[in-house]
Visitor: 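Pasting a structure below so you can have a look.
We use all heavy atoms of the structure for the numbers below, so side chains are in, but hydrogens, waters and symmetry mates are not. This chain uses plain numbering: 1 for the first residue, then up along the sequence.
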Amino acid sequence: MKLATTTGDFFGYTDSQAISLEHIRKAGFHYADYNFGGDHQWKNGVYGENFERYFEEINAVTEALGIRLIQAHAPMGKPLADGGKLLADTIRCIEACGAWKIPNLVVHSGYIKGLSREETLERNREFFLPLLEHAEKYNVNILVENFNKMCVEGLYWIDNATDLLSMVERVNHPLFHAVWDTGHANMQEMPQDEELRLLGKHVRALHVQDNHGDADSHLVPFLGTMNLDAVMTGLSDIGYDGYFTFEVGGFFNPAEKRRGYSRDSRLKSAPLELRCAFERYLYDLGKCILEKYNCFEE
């Protein structure tokens, strides 16, 4: 397996995806997940005025850095209740994936309070089918993921392998598959090797992160309670040959979650140089994990 991480790693430090890619490459990564959520928030990049020129700019950046975009994450929203806005925004992501030759785009499923399991699955099918029509033009896989566990009365959402498989089978399209989020799975009771075997060939990408089982913390592996042996065994059992892609925003608590202080703010947030050092550590940690299972590839 080859190591990758997300451009979201540096969203607290820059609003430029090119600069994020530069930091990621300097840390050792040759492969990256492009998080369109940043562009969506900043109203730049693929959501800027000259997005077609931006497609060319990012191609030039990745070539110069020697880094390859291997998957992407569409913006999050409310696909079942926004009148088609997220659909249009996600189509733009598909166009970008085509321009950058990204094979896999992660798109979250939706939910509405009051819908049953059956209604939730069917409404999501209706959301994904138009996306897949556009995905066919660029040969881009649309990947749906297992959500983090959220217990809200009257609300159903897809947070486990059984429902994820049902979603994939219901859509029943050759370009529609699953991305497995290890942190979200850690909030469930079923061992991850069993969940992965249930999904089998449908697992086309990963979000590797950890937590303590009680919140979607996006911690670095070994800082939470996730069993990595179960994850690696499951991946081996299903013959997974995709990328081992980190999604760990939980290196440092953001400033707003720590005690305030009015006299000075030099350390209000972790300095960029410290964040870059942790990015290098993340690469070394991932390499160690894969080497223990004899599957690390440059």
Visitor: Go through the structure and list residues passing side-chain hydrogen bond (donor to acceptor under 3.5 Å, both in side chains) with Glu195, not counting sequence neighbours.
Guide: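 Glu195 satisfies side-chain hydrogen bond (donor to acceptor under 3.5 Å, both in side chains) with no residue once adjacent residues are dropped.
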
Visitor: Once the angle between the rings of Phe29 and Phe246 is folded into 0 to 90°, is it parallel (under 30°), tilted (30 to 60°) or perpendicular (over 60°)?
Guide: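 Answer is perpendicular, since the angle exceeds 60°.
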
Visitor: How are the rings of Phe176 and Phe128 set relative to one another: parallel (under 30°), tilted (30 to 60°) or perpendicular (over 60°)?
Guide: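 Aromatic pair Phe176/Phe128 classed tilted.
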
Visitor: Would you mind checking if Arg197 and Asp193 are paired as a salt bridge, meaning a charged N to carboxylate O distance below 4.0 Å?
Guide: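 Here Asp193 pairs with Arg197 in a salt bridge, since their nearest N and O are under 4.0 Å apart.
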
Visitor: Is Ser217 reaching over with its side chain to a backbone N or O of His212, donor-acceptor style, under 3.5 angstrom?
Guide: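 No, because the side chain of Ser217 does not come within donor-acceptor range (under 3.5 Å) of the backbone of His212.
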
Visitor: Angle class for the Tyr54/Trp100 ring planes (parallel below 30°, perpendicular above 60°, tilted otherwise)?
Guide: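 Tyr54 and Trp100: perpendicular rings.
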
Visitor: Dump the intermediate steps for salt bridge (Lys or Arg N to Asp or Glu O under 4.0 Å) on Asp284 and Arg280, then the final yes or no.
Guide: CA-CA 6 Å; Asp284 290 341; Arg280 294 191 294 273; over 6 Å; no

Visitor: Between Phe55 and Phe51, is the ring pair (Phe, Tyr, Trp, His ring centres under 6.0 Å) condition met? List the steps.
Guide: CA-CA 6 Å; Phe55 291 169; Phe51 64 90; 5.7 Å; yes

Visitor: For the pair Arg123 and Glu119, evaluate salt bridge (Lys or Arg N to Asp or Glu O under 4.0 Å) and give the outcome as yes or no after the intermediate values.
Guide: CA-CA 6 Å; Arg123 288 286 299 276; Glu119 290 168 330; over 6 Å; no

Visitor: With sequence neighbours excluded, what pairs up with Glu122 under the side-chain contact (heavy atoms from CB on, under 4.5 Å) test?
Guide: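 Expected list: Arg125, Glu126, Arg170.
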
Visitor: Using 30° and 60° as the class boundaries, would you call the ring planes of Phe278 and Phe251 parallel, tilted or perpendicular?
Guide: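 Ring orientation, 0 to 90° scale: perpendicular.
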
Visitor: Looking at Glu95 and Arg92, does any basic side-chain N land under 4.0 Å from a carboxylate oxygen?
Guide: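 Yes, this pair counts.
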
Visitor: Could you list the residues that satisfy side-chain contact (heavy atoms from CB on, under 4.5 Å) with Pro103, not counting sequence neighbours?
Guide: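 Not a single residue meets the side-chain contact (heavy atoms from CB on, under 4.5 Å) criterion with Pro103.
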
Visitor: Examine distances only and state if a side-chain atom of Tyr240 and a backbone atom of Tyr243 form a donor-acceptor pair shorter than 3.5 Å.
Guide: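 Answer holds: yes.
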
Visitor: Taking side-chain contact (heavy atoms from CB on, under 4.5 Å) as the criterion, tell me which of Asn148, Val152, Asp163 meets it with Trp157.
Guide: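 One option only clears the test, and that one is Asn148.
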
Visitor: Pick from Thr62, Thr6, Thr7, Asp39: which one makes a side-chain hydrogen bond (donor to acceptor under 3.5 Å, both in side chains) with Tyr34?
Guide: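 The single option meeting the side-chain hydrogen bond (donor to acceptor under 3.5 Å, both in side chains) with Tyr34 is Asp39.
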
